[in-house]
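Below is one structure, written out as structure tokens, with a few remarks after it.
Computed from a prediction, not measured in an experiment: that's the story for all the values here.
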Amino acid sequence: MKILVLGAGKMGSFFLDLLSFEHEIAVFEKNPQRMRFTYNCERFTSLEEIAQFQPQLVINAVTVKYTISAFKEVLPYLPASCILSDIASVKTDLHAFYNKSGHPFVSTHPMFGPTFANLQQLSHENAIIISEGDYMGRIFFKDLYQKLGLNIYEYTFEEHDQTVAYSLSIPFVSTFVFAAVMKHQDAPGTTFKRHMNIAKGVLGEDDYLLQEVLFNPYTSCQVEQIRNELSELLAIIDSKDTTGMKSYLEKIRKNLRNGTI
């Protein structure tokens with residue numbers, strides 16, 4: 001298959017490496033320096049080159065802020081049968097865009113990234129394939145993700161947004177609160193250092209991505225749960241309620257057992 005990857009960042013380069021020996025691959029990147037380490041693929045810096053390549057599938061791997069604008073830029077240069085695809089962690093407005101594009105589409109979300117995941121060992125990682133999309137496109141990505149050993153789930157766009165609100169907004173907000181009250185530690189403990197590394201990783205993400213995850217319409221109720229739990233915990237601490245603390249610890253340990261991955 002002739003596949004065009006938009007963007008030669010970390011995830012774009014990951015897909016280029018992954019696909020380059022089984023497919024005819026090209027990458028479109030406006031910054032030539034970002035293509036220095038791409039291998040076994042054609043490198044495009046102009047839209048006319050895309051038109052000549054005639055891709056059958058486009059994988060949009062640009063920063064989430066520019067996902068839709070990148071699609072709009074290349075659409076006039078794509079064959080009508082070309083399948084559009086994205087790997088965005090935030091799907092805001094994408095469903096509506098796809099329905100108006102006139103192209104078949106498939107939307108997926110690899111639930112891992114270069115910040116924390118070992119891209120060479122992904123058997124403990126997950127991927128979501130949106131069920132509202134082109135059948136052959138879904139089969140392509142299902143086969144690809146199975147070869148990586150990923151755990152695959154199929155959700156609608158709405159179900160995806162609900163899942164992201166839970167799986168991303170809760171750790172993001174918890175990390176923000178940790179970082180907001182942080183102060184210099186001359187001799188930090190192991191737990192503190194681990195939280196610090198997580199905070200640095202999360203806050204190293206693109207600001208627009210962090211914003212869009214938190215502006216997800218399903219995020220507010222998740223943050224409200226955090227506020228309620230903090231209120232309950234603070235009441236236990238203020239009253240030095242040993243029985244209440246024991247019950248609270250039992251509750252959260254049970255949650256951890258039930259949510260083990």
**Message:** Checking T175 now: which residues fulfil side-chain hydrogen bond (donor to acceptor under 3.5 Å, both in side chains) with it, not counting sequence neighbours?
**Reply:** none
**Message:** I'd like to check the side-chain hydrogen bond (donor to acceptor under 3.5 Å, both in side chains) partners of H109; sequence neighbours left out, ordered by chain and number.
**Reply:** H160
**Prompt:** Does the side chain of L47 come within less than 4.5 Å of V74's, by heavy atoms?
**Reply:** yes
**Prompt:** R138 side chain to G133 main-chain N or O, any donor-acceptor pair under 3.5 Å?
**Reply:** yes
**Flag side-chain contact, heavy atom, 4.5 Å: N197 against R194** = no
**Asked** Does D93 have any salt bridge (charged side-chain N to carboxylate O under 4.0 Å, His left out) partners at least two apart in sequence or in another chain, and if so, which?
**Response** none
**Asked** Under 3.5 Å, is there a donor-acceptor pair linking the side chains of T108 and Y145?
**Response** yes
**Asked** With sequence neighbours excluded, what pairs up with E24 under the salt bridge (charged side-chain N to carboxylate O under 4.0 Å, His left out) test?
**Response** none
**Message:** Please evaluate residues L150 and L144 with respect to the criterion side-chain contact (heavy atoms from CB on, under 4.5 Å), reporting the C-alpha separation (whole Å), side-chain torsions for both, the decisive distance (0.1 Å), and the verdict.
**Reply:** CA-CA 9 Å; L150 293 168; L144 180 65; over 6 Å; no
**Prompt:** Is any side-chain heavy atom of L84 closer than 4.5 Å to a side-chain heavy atom of N60?
**Reply:** no
**Prompt:** Heavy-atom distance under 4.5 Å between the side chains of V106 and Y135, does that happen here?
**Reply:** no
**Request:** Using a 4.5 Å cut-off on heavy atoms from C-beta on, say whether the side chain of K147 contacts that of K142.
**Result:** no
**Message:** When you compare the side chain of F141 with that of I59, does any pair of heavy atoms fall below 4.5 Å?
**Reply:** yes
**Prompt:** Taking atom CE of M136 as the centre, does the number of heavy atoms from other residues, nucleotides or ligands within less than 6.0 Å exceed 12?
**Reply:** no
**Fill in**
Here the ring-ring contact (aromatic ring centres under 6.0 Å, His included) pairs for residues 46-93, sequence neighbours left out, are F44-F53, F71-F97, F71-Y98
**Message:** Taking side chain to side chain contact (heavy atoms under 4.5 Å, CB included) as the criterion, tell me which of V58, I25, L57 meets it with L4.
**Reply:** V58
Show the atom names and distances, to 0.1 Å, of all donor-acceptor pairs under 3.5 Å that link a side chain in residues 242-250 to residues at least two apart or in another chain.
| residue | atom | partner | partner atom | Å |
| --- | --- | --- | --- | --- |
| S247 | OG | T243 | O | 3.2 |
| Y248 | OH | E229 | OE1 | 2.9 |

**Prompt:** Under the 3.5 angstrom rule, does the side chain of K91 hit a backbone N or O of A88 as a donor-acceptor pair?
**Reply:** yes
**Prompt:** Quick check: does any side chain N or O of R36 sit under 3.5 Å from a backbone N or O of Q33, one acting as donor and the other as acceptor?
**Reply:** yes
**Request:** Give a yes or no on whether the backbone of E154 and the side-chain of S131 come within a donor-acceptor separation of less than 3.5 Å.
**Result:** no
**Item:** Set of side-chain hydrogen bond (donor to acceptor under 3.5 Å, both in side chains) partners for S46, sequence neighbours left out
**Value:** E49
**Item:** Donor-acceptor under 3.5 Å (D86 side chain, S107 main chain)
**Value:** no
**Asked** CD1/I226 to SG/C221 distance, rounded to the nearest 0.5 angstrom?
**Response** 10.5 Å
**Message:** Checking the side chain of Q56 only, and the main-chain atoms of K2 only, is there a donor and an acceptor separated by less than 3.5 Å?
**Reply:** yes
**Message:** So, using salt bridge (charged side-chain N to carboxylate O under 4.0 Å, His left out) as the criterion, who are the partners of E224 when residues are at least two apart?
**Reply:** R227
**Message:** Can you tell me how far apart CD1 (I236) and NZ (K240) are? Round to the nearest 0.5 Å.
**Reply:** 13.0 Å
**Message:** Before you tell me yes or no, could you show the steps for L6 and V27 under side-chain contact (heavy atoms from CB on, under 4.5 Å), namely the whole-Å CA-CA distance, both residues' side-chain angles and the distance that decides it to 0.1 Å?
**Reply:** CA-CA 6 Å; L6 302 181; V27 57; over 6 Å; no
**Prompt:** What is the minimum heavy-atom distance between N40 and S20, and which atoms define it?
**Reply:** ND2-O, 2.9 Å
**Prompt:** Which heavy atom in A26 sits nearest to a heavy atom in L16, and how many Å separate them?
**Reply:** O-CD2, 4.1 Å
**Any D134 side-chain heavy atom under 4.5 Å of F105 side chain** = no
**Item:** Residues in side-chain hydrogen bond (donor to acceptor under 3.5 Å, both in side chains) contact with K72, at least two apart in sequence or another chain
**Value:** none
**Message:** For the CZ atom of F172 and the CG atom of L203, what is their distance to the nearest 0.5 Å?
**Reply:** 9.0 Å
**Message:** Can you give me the closest heavy-atom contact between S89 and L168, atom names plus distance?
**Reply:** CB-CD1, 4.5 Å
**Fill in**
What one should report as the nearest heavy-atom pair of P104 and S81 is CG-O, 3.6 Å
**Item:** Enclosure of K30 NZ (heavy-atom neighbours >12, cutoff 6.0 Å)
**Value:** no
**Step-by-step side-chain contact (heavy atoms from CB on, under 4.5 Å) determination, V90 to V164** = CA-CA 8 Å; V90 177; V164 167; 5.5 Å; no
**Complete:** Nearest heavy-atom contact between I128 and M111 is CD1-SD, 3.9 Å
**Item:** Sidechain-backbone polar pair: R43 side chain, M35 backbone, donor-acceptor under 3.5 Å
**Value:** yes
**ring-ring contact (aromatic ring centres under 6.0 Å, His included) partners of residues 178-213, not counting sequence neighbours, each pair once** = F178-F192, F178-H195
**Asked** Which atoms form the tightest heavy-atom contact between H103 and A80, and what is the distance?
**Response** ND1-O, 3.4 Å
With a cut-off of 3.5 Å and sequence neighbours excluded, list every side-chain donor-acceptor pair involving residues 211-218.
| residue | atom | partner | partner atom | Å |
| --- | --- | --- | --- | --- |
| N216 | OD1 | Y218 | N | 2.8 |
| N216 | ND2 | D161 | O | 2.9 |
| Y218 | OH | E158 | OE2 | 2.9 |

**Asked** Sequence neighbours excluded, which residues qualify as salt bridge (charged side-chain N to carboxylate O under 4.0 Å, His left out) partners of K100?
**Response** none
**is_close_aromatic(F15, H23), centroid dist under 6.0 Å** = no
